[in-house]
J.: 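Here it is: the structure, laid out below.
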Amino acid sequence: MTEKKTRFYLIRHGETQWNREGRYQGATDIALSPEGRAQAKLVAKRFRYLPLDAIYVSPLQRARQTADAIAEETGLTPIVDEHFKEINFGEWEGHSIPQLTEKYGQAYLDFYENPFEHPFPGEGSFAKVTERSVAGFEELLRKHPGERIAIVSHGGLLRVLLVAVMGMDLNFYRKTWMTNTSITTVDVMEDGRRILMSLNDKAHLEMAELWNKGEGTWQK
């Protein structure tokens with residue numbers, strides 16, 4: 001007998017101009033760039049073939065625009081959920097890593113090297129981020145047993161969440177990356193086991209790039 005499982009698709013939003021410029025976005029409400037909108041359409045096409053029961057999304061527009069593209073393919077209505085809003089970095093937002101290093105020096109470098117151990121403006125600690133994101137994840141697990149759930153959110157938040165729900169060493173946060181519109185898949189089995197099925201799956205972007213080097217029109 002096949003064991004019943006709940007599947008989570010953790011999806012980072014499409015590219016923004018601040019992503020391209022290497023600036024911290026955090027809670028600043030930045031829209032998708034033209035490239036980001038194209039990426040959102042590509043990841044949405046994955047869900048023509050992947051069954052999906054619900055979409056939950058950060059309230060920030062870059063995530064909502066990405067979720068809306070998936071909604072067009074699936075007919076589902078995205079549900080805004082504050083648990084999955086990006087980490088609030090306060091006065092650091094809008095700055096690049098070199099700018100933050102120059103302005104804040106060792107305080108920023110300490111955070112960059114070990115973000116779970118050092119405070120930062122805005123939300124203040126990764127412990128708080130972990131608490132709210134895991135609370136959201138566990139709530140969805142209770143609401144949707146045996147179903148397939150998309151969480152459309154942000155790179156920082158989703159990496160914190162992944163480390164927590166998988167029980168990974170905290171250092172793993174700095175050893176992972178989630179590309180814009182990548183899909184990371186986590187299965188939760190009936191007995192509570194969590195299995196990481198995929199990490200940073202961006203096949204839709206890679207296939208589009210390869211196809212468009214030829215004469216195909218895969219994006220259409």
Side-chain angles (χ1 to χ4, degrees), residues 10-43 57-70 78 80-130 132-133 136 151-163 170-184 199-202 204-206 208-209:
L10 310 181
I11 304 168
R12 187 184 176 195
H13 61 79
E15 183 195 77
T16 70
Q17 187 60 35
W18 279 21
N19 286 148
R20 186 175 288 271
E21 295 169 0
R23 295 201 267 169
Y24 272 58
Q25 294 182 114
T28 305
D29 201 7
I30 306 297
L32 295 181
S33 64
E35 177 65 19
R37 292 193 293 273
Q39 292 171 344
K41 290 180 180 178
L42 288 171
V43 72
V57 61
S58 157
L60 298 177
Q61 63 177 318
R62 57 191 185 271
R64 288 189 288 105
Q65 289 171 331
T66 305
D68 286 345
I70 298 171
V80 173
D81 193 323
E82 292 281 344
H83 288 103
F84 306 118
K85 189 175 183 179
E86 180 61 302
I87 303 165
N88 183 340
F89 287 106
E91 65 194 58
W92 286 4
E93 294 179 9
H95 295 83
S96 65
I97 290 175
Q99 289 170 336
L100 290 170
T101 302
E102 180 179 358
K103 187 171 183 179
Y104 296 96
Q106 195 61 45
Y108 173 72
L109 292 173
D110 287 343
F111 165 80
Y112 184 83
E113 290 300 324
N114 196 343
F116 285 91
E117 294 296 328
H118 295 280
F120 55 91
E123 201 150 354
S125 76
F126 268 28
K128 292 179 181 178
V129 178
T130 300
R132 72 169 167 90
S133 61
I151 298 175
V152 184
S153 184
H154 309 268
L157 185 287
L158 289 176
R159 286 157 64 207
V160 169
L161 176 62
L162 181 67
V163 166
L170 299 183
N171 290 326
F172 201 69
Y173 176 85
R174 283 288 178 220
K175 297 178 181 179
T176 60
W177 187 249
M178 293 183 180
T179 303
N180 290 114
T181 69
S182 65
I183 304 171
T184 293
L199 173 65
N200 196 38
D201 174 0
K202 52 189 176 67
H204 48 285
L205 303 181
E206 294 166 342
E209 182 179 358

J.: For the OG1 atom of T179 and the CD atom of E206, what is their distance to the nearest 0.5 Å?
T.: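 With rounding to 0.5 Å, OG1 (T179) is 8.5 Å from CD (E206).
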J.: Any donor-acceptor pair under 3.5 Å linking the side chain of H154 with the backbone of L60?
T.: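 Absent.
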J.: Tell me the closest heavy-atom pair linking V160 and T130, and the distance in Å.
T.: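 Minimum heavy-atom contact is CG1-OG1, 3.3 Å.
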J.: Which distance, rounded to the nearest 0.5 Å, do you find between the OG of S153 and the CG of D81?
T.: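 Rounded to the nearest 0.5 Å, the OG-CG separation comes to 9.5 Å.
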J.: Can you see which heavy atom on D68 is nearest to which on P78, and at what distance?
T.: OD1-CG, 4.0 Å
J.: Distance check, rounded to the nearest 0.5 Å: E93 atom CD versus T28 atom OG1?
T.: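 If I round to the nearest 0.5 Å, the distance is 3.5 Å.
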J.: Mark yes or no for whether S133, through its side chain, and L157, through its backbone, hold a donor-acceptor pair below 3.5 Å.
T.: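 Such a contact is absent between S133 side chain and L157 backbone.
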J.: Apply the test side-chain contact (heavy atoms from CB on, under 4.5 Å) to residues L199 and L162: give CA-CA distance (whole Å), side-chain angles for both, the deciding distance (0.1 Å), then the verdict.
T.: CA-CA 10 Å; L199 173 65; L162 181 67; 3.8 Å; yes
J.: Quickly, which of H204, H13, K41, Q39 forms a side chain to side chain donor-acceptor pair (under 3.5 Å) with T181? Name it, please.
T.: H204
J.: So, taking the atom named NE2 in H118 and the one named CG in D110, what distance separates them when rounded to the nearest 0.5 Å?
T.: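 Those atoms lie 4.5 Å apart.
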J.: Would V152 and F84 satisfy side-chain contact (heavy atoms from CB on, under 4.5 Å), going step by step from the backbone distance to the final call?
T.: CA-CA 8 Å; V152 184; F84 306 118; over 6 Å; no
J.: Does I30 reach the side chain of Q17, with side-chain heavy atoms less than 4.5 Å apart?
T.: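 SC-SC contact between I30 and Q17 ruled out.
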J.: CD1/I87 to CZ/R132 distance, rounded to the nearest 0.5 angstrom?
T.: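 It comes to 7.0 Å.
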J.: Enumerate the residue pairs fulfilling salt bridge (Lys or Arg N to Asp or Glu O under 4.0 Å) with a member in residues 20-30, sequence neighbours excluded, ordered by first and then second residue.
T.: E15-R20, E21-R23
J.: Test Q25 against E86 for side-chain contact (heavy atoms from CB on, under 4.5 Å), laying out the working first.
T.: CA-CA 8 Å; Q25 294 182 114; E86 180 61 302; 5.9 Å; no
J.: Quick one: which of H95, K103, E102 gives a side chain to side chain contact (heavy atoms under 4.5 Å, CB included) with Q99?
T.: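 Per the side chain to side chain contact (heavy atoms under 4.5 Å, CB included) rule, the option paired with Q99 is H95, out of H95, K103, E102.
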J.: Given 3.5 Å as the limit, does a donor-acceptor pair link the side chain of R174 with the main chain of Y112, or not?
T.: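 Checking the backbone N and O of Y112 against the side chain of R174, a donor-acceptor pair under 3.5 Å is found.
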J.: Could you measure the distance from the NE2 atom of H83 to the OG atom of S58? Nearest 0.5 Å is fine.
T.: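 Output value for this atom pair is 12.5 Å.
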J.: Does the side chain of E35 reach to within under 4.5 Å of the side chain of N19, using non-hydrogen atoms?
T.: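 No, their side chains stay 4.5 Å or more apart.
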J.: Examine distances only and state if a side-chain atom of T66 and a backbone atom of G14 form a donor-acceptor pair shorter than 3.5 Å.
T.: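 Yes.
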J.: Assess whether side-chain contact (heavy atoms from CB on, under 4.5 Å) is satisfied between F111 and L100, documenting all intermediate values.
T.: CA-CA 11 Å; F111 165 80; L100 290 170; over 6 Å; no
J.: Please name all residues satisfying side-chain hydrogen bond (donor to acceptor under 3.5 Å, both in side chains) with N88, sequence neighbours left out, ordered by chain then number.
T.: none
J.: Between Y24 and W92, which heavy-atom pair has the shortest distance, and what is it?
T.: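 What the structure gives for the nearest pair is CB-O, 3.9 Å.
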J.: For residues V57 and A67, report the shortest heavy-atom separation together with the two atoms involved.
T.: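 Closest heavy-atom pair between V57 and A67: CG2-CB, 3.7 Å.
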J.: Give the minimum heavy-atom separation between A40 and A69, together with the two atoms involved.
T.: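 The pair with the smallest heavy-atom distance is O-CB, 3.6 Å.
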J.: Please check this pair: side chain of T184 against backbone of N200, looking for a donor-acceptor N/O pair closer than 3.5 Å.
T.: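 Side chain of T184 to backbone of N200, a donor-acceptor pair under 3.5 Å: yes, one is there.
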J.: For the residue pair F120 and F89, does the interplanar ring angle fall in the parallel (under 30°), tilted (30 to 60°) or perpendicular (over 60°) class?
T.: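 F120 vs F89 ring planes: tilted.
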J.: Using the ring pair (Phe, Tyr, Trp, His ring centres under 6.0 Å) criterion, which residues pair with Y173? Sequence neighbours excluded.
T.: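 Y173: ring pair (Phe, Tyr, Trp, His ring centres under 6.0 Å) contacts with F116, F126.
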